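Below you'll find the structure, written out as structure tokens, and then a few comments.
Bear in mind that the values here come from a model prediction, so they are computed numbers and not experimental data. Chain letters run A, B, ... following the sequence lines, proteins first, then strands; residues in each count from 1.
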Amino acid sequence: MSVKEKFNKEEESVNFIEEIIQKDLEQGRNDGRIHTRFPPEPNGYLHIGHAKAILLSYNIAKKYNGKFNLRFDDTNPETEDYKYVEAIKEDLRWLGIDWEDREFYASDYFEQLYQWAEELIRRGYAYVCELSPEEMAKLRGTPKQPGQSPYRDRPIEESLDLFRRMRAGEFPDNSMTLRAKIDMASPNMHMRDPVMYRIKHKTHFRQGDKWCIYPTYDWTHGQSDYIEGITHSLCTLEFEVHRPLYDWFIDRIKEIDTEKPKDYRPRQIEFARLNLNYTVMSKRKLLRLVQEGYVSGWDDPRMPTLAGLRRRGYTPEAIKLFIEKVGYAKRENIIDISLLEWAAREDLNKRAQRIMGVIDPLKVVITNYPDGMVEYMEAINNPEKPDAGTRKVPFSKVIYIERSDFMENPPKKFYRLAPGREVRLRYAYWIKCTDVIKDENGNIIEIHATYDPQTRGGHNPPDGRKVKATLHWVSAQHAIPVEVRLYDRLFLKPDPDDVPEGKDFTDSINPNSLVVKTAYVEPFVKDAKPGDKFQFERVGYFCVDPDSTDEKLVFNRTVTLKDEWSKIAKKQKK
RNA sequence: UGACCUGUGGUGUAAUGGUAGCACAGCGGACUCUGGAUCCGCUAGUCCAGGUUCGAAUCCUGGCAGGUCAGCCA
């Protein structure tokens, strides 16, 4: 059986990366071993774009019976911290990623990297350069003009001596670097003698003050993959131009490390990163949103971070569904946020407990219903999941309905409550609006209605009458007030970065991306715990926020339900 | 501008020389105790120009458009 037949179910097509992997497998590369990795830098939180990268590498390892490593690329002590390591691990676990015992740190390879660097110097492949950062930038040249360094022909022994003294701490920050000696005329700027080591007298969060020289990412990344036996290094497009450099480094290492088989080396394959409209995805910008207080933190439910999405009410399954629909290719893309929202609804529809909750209450008095009477109506917990059973919802003379479910002068196609009109109260009774009570300013403050005892449970009456709408409701005396946080997209523009001169992405922040209200919900939710998910029927999906206390529950709106009427209303406005 | 990469409905993504398919969005309908869900249908696409071929989204040439790179960030 061919590799293709073994792994592809009939008719199923695989992305271009798996195609390459299947070819490698067919050719027996690396003895059929598949080993991938996810290499985050611990300087920020993971976002939905990272989920795309993680799931690719993780799923490939799983599908092809390979291994998956988690490796922190912690080569820059200035921005990295344990708090990010912990946050990243928590998000990965939540996503269902299992790296077993393979949690690695590039900083653990610093000594090996250093030894290789010395060997590169001895072989004439690297030299110590004393250009300042500004001078180096200037002397790098332009894509058309070759660059230069006055130090590239420095004697090997001199470089070796200086490099050792760099490590020993004899020189100040930025005074010199170790550079690979490659090609100062290369049209690929990354080949113009890239920096391998820089001097930073900074404490590293794991290495402490052991080092004052730190390897650059370019010198560290590929070699770390090599050390770990990674067979396929999957990364985003911007590293495409780095690949020749990584291959060059590996070629040099292969000259030193001759024990390993010839094909033992990582193959880098690049794919397009995920972009979502109406949000920003760069760590730098997300950090600014946090630091400048536009959001409450990395886990603010409006953030595209995994922590934010989790708090918003997304499940790992919804994230995976979304990523699966997005797919992997090399062309730049901007995914419509509606696909993410679709994934949330698709997933939550199947799992969410239904309840009734009124966000914007309008009091309804059922005038012919006995004072003081309470009935407990049976309601279905989840129509998509019959095993979920039913619950009892209290009903009484005074209830709240959604203000938007009543109109005094209903336009065409408005099916809900209006003067003289009859509607169904879900699981309860049919009611007919008899009076509209207003305050002195003409605002509607109360509705009077009568109910039909024959419709108990919400069932159709024997006379064959029909209603066009079913409303959600809560019994006023039984309802629990809760805080609801209604979220909308964080930015008003599809591309927040598309701004005129002098402006930046924060200018298009949506001032109404968070609206806080008090809602009234049925007593069923009273013991809900943070993370519990509900569908408020006819309204949307909500998730209990960790800010909840014994006194007050807080709900985050994950996403609204699809709303036919709002579409019609919008069209009627035009 | 130099190198590298990429161009398929509005947005994503398949088709690997042989009927351009799927999903999201949009539009219409059926059904419904959620205007939810479900079901059915419709609109809409191969960047352009040549060439190879019986046949090109696919191969070749030349354009055009977009992206990436010129940190001692990753």
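In this structure, A:Cys543 and A:Thr558 approach most closely via the heavy-atom pair CB-OG1, 4.0 Å. Between A:Leu561 and A:Glu537 the shortest heavy-atom distance is CD2-C, 4.5 Å.
At B:G26, one or more side-chain N or O atoms of A:Lys567 fall inside 4.0 Å of OP1 or OP2 (strictly under the cut-off). OP1 or OP2 of B:C73 has at least one side-chain nitrogen or oxygen of A:Arg198 nearer than 4.0 Å. For the OP1/OP2 pair of B:A74 and a distance below 4.0 Å, the side-chain nitrogens and oxygens of A:Thr75 include at least one atom meeting the criterion. Note on A:Lys571: a side-chain N or O is less than 4.0 Å away from OP1 or OP2 of B:C27. Using a 4.0 Å cut-off, some side-chain N or O of A:Arg538 falls inside it from OP1 or OP2 of B:G35.
Residue contacts for A:Phe536: at a heavy-atom cut-off of 4.0 Å it reaches no nucleic acid atom on any strand shown. Contacts of A:Ile568 with the nucleic acid, taken as non-hydrogen atoms under 4.0 Å apart, include base atoms. Across all strands shown, A:Thr177 has heavy atoms under 4.0 Å from base atoms, whether or not it also approaches the sugar-phosphate. No contact: A:Ser186 has no heavy atom under 4.0 Å from any strand. Among the heavy atoms of the strands lying under 4.0 Å from A:Glu41 are primed sugar atoms or P, OP1, OP2 only; no base atom is included. Heavy atoms of A:Met136 sit under 4.0 angstrom from at least one base atom. Heavy atoms of A:Arg284 sit nowhere under 4.0 angstrom from any nucleic acid atom. A:Lys200 comes within contact range of the sugar-phosphate backbone alone, with a heavy-atom separation under 4.0 Å but no base atom that close. At a threshold of 4.0 angstrom between heavy atoms, the contacts of A:Glu78 with the nucleic acid are absent. When heavy atoms are screened at a 4.0 angstrom cut-off, A:Phe239 is found touching base atoms of the nucleic acid. If you check every strand for non-hydrogen atoms under 4.0 Å, A:His472 touches nothing. Within the nucleic acid shown, A:His221 has no heavy atom closer than 4.0 Å to any nucleic acid atom. Residue A:Asn174 is classed as a base contact, given a heavy-atom separation below 4.0 Å to a base. No contact: A:Pro244 has no heavy atom under 4.0 Å from any strand.
The side chain of A:Lys144 sits closest to B:U1 out of B:U1, B:C73, B:G36. Set against B:G12, B:C72, B:A74, the side chain of A:Ile334 has B:G12 as its closest nucleotide. Each of B:A15, B:G36, B:C24 was ranked by its minimum atom distance to the side chain of A:Glu564; first place goes to B:G36. Nearest nucleotide to the A:Arg354 side chain, out of B:U34, B:C72, B:G35: B:U34. Of the candidates B:A74, B:G36, B:C27, B:A74 carries the atom nearest the A:Thr216 side chain, counting heavy atoms from C-beta on. Comparing atom distances between the A:Leu561 side chain and each of B:G35, B:A74, B:G36 picks out B:G36 as nearest. Considering only the side chain of A:Tyr217, B:A74 comes nearest among B:U34, B:A74, B:A23. The nucleotide whose nearest atom lies closest to any side-chain atom of A:Met189 is, among B:C69, B:A14, B:C24, B:C69. Of the candidates B:A74, B:G35, B:U11, the closest approach to any side-chain atom of A:Tyr415 belongs to B:G35. Residue A:Pro383 has its side chain nearest to B:U34 when only B:A14, B:C27, B:U34 are considered.
The glycosidic torsion of B:G71 lies within 90° of 0, placing the base in the syn range.
In this structure, the side chain of A:Ser57 does not engage the main chain of A:Phe38 through any donor-acceptor pair within 3.5 Å.
Whole-Å rounding puts the A:Leu471 CG to B:U34 C1' distance at 10 Å. Taking atom CD of A:Glu270 as the reference point, atom P of B:U6 lies 10 Å away to the nearest angstrom. Atoms CG (A:Leu237) and C1' (B:G7) sit 13 Å apart, rounded to a whole Å. Atom CG in A:Leu276 sits about 11 Å away from atom P in B:G12, given to the nearest Å. Atom pair A:Lys562:NZ and B:C31:C1' shows a separation of 15 Å (rounding to whole Å applied). Regarding A:Arg331, its CZ atom lies at a distance of 14 Å from the P atom of B:U46, rounded to whole Å. The separation between A:Trp342 atom CH2 and B:C24 atom C1' is 8 Å, rounded to whole Å. Rounded to an integer number of Å, the gap from CG of A:Leu340 to C1' of B:G12 is 13 Å.
Using a 4.0 Å cut-off between charged nitrogen and carboxylate oxygen, A:Arg416 and A:Glu402 do not count as a salt-bridge pair. With salt bridges taken as basic N to acidic carboxylate O contacts below 4.0 Å, none links A:Arg37 and A:Glu228. Note on A:Asp81 versus A:Lys83: no salt bridge recorded, every NZ/NE/NH1/NH2 to OD/OE distance being 4.0 Å or above. The pair A:Arg206-A:Glu80 does not meet the salt-bridge criterion, since no charged nitrogen lies less than 4.0 angstrom from a carboxylate oxygen.
In this entry B:C59 has B:G51 as its Watson-Crick or G-U wobble partner, both defining distances falling under 3.5 Å. Checking B:A44 for Watson-Crick or G-U wobble geometry (two distances, each under 3.5 Å) identifies no partner in any strand. Shown here, B:U19 forms no base pair; nothing in the strands shown gives a Watson-Crick or G-U wobble contact with both key distances under 3.5 Å. When both distances must be under 3.5 Å, the Watson-Crick or G-U wobble mate of B:C69 is B:G2. Across all strands shown, nothing is found opposite B:G35 as a Watson-Crick or G-U wobble partner with both distances under 3.5 Å.
Closest-nucleotide positions on RNA chain B for A:Glu80 and A:Tyr427 were compared, and the one nearer the 5' end corresponds to A:Tyr427. Comparing A:Glu537 and A:Arg140 by the nucleotide of RNA chain B whose heavy atom lies nearest to each, the residue mapping closer to the 5' end is A:Glu537.
Aromatic rings of A:Tyr278 and A:Phe491 (six-membered ring for Trp) have centroids beyond the 6.0 Å cut-off, not under it. Checked against the 6.0 Å centroid criterion, the rings of A:Phe163 and A:Tyr197 qualify as a close aromatic pair.
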### Task
Please lay out, stage by stage, how A:Asp193 and A:Tyr151 fare under the test side-chain contact (heavy atoms from CB on, under 4.5 Å).
CA-CA 11 Å; A:Asp193 292 9; A:Tyr151 301 99; over 6 Å; no

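On the P atoms, B:C64 is 33 Å away from B:G21, given to the nearest whole Å. Taking atom P on both B:U6 and B:C73, the two are 30 Å apart, rounded to the nearest angstrom. A distance of about 26 Å separates the P atoms of B:G28 and B:U46, rounded to the whole Å. Straight-line distance between the C1' atoms of B:A56 and B:C48: roughly 15 Å, to the nearest whole Å. Rounded to the nearest Å, the gap between the C1' atom of B:A30 and that of B:U19 is 30 Å.
Side-chain to base pairing of A:Gln535 with B:U34: one donor and one acceptor N or O lie within less than 3.5 Å of each other. Put simply, the side chain of A:Glu384 and the base of B:G36 share a donor and an acceptor less than 3.5 Å apart.
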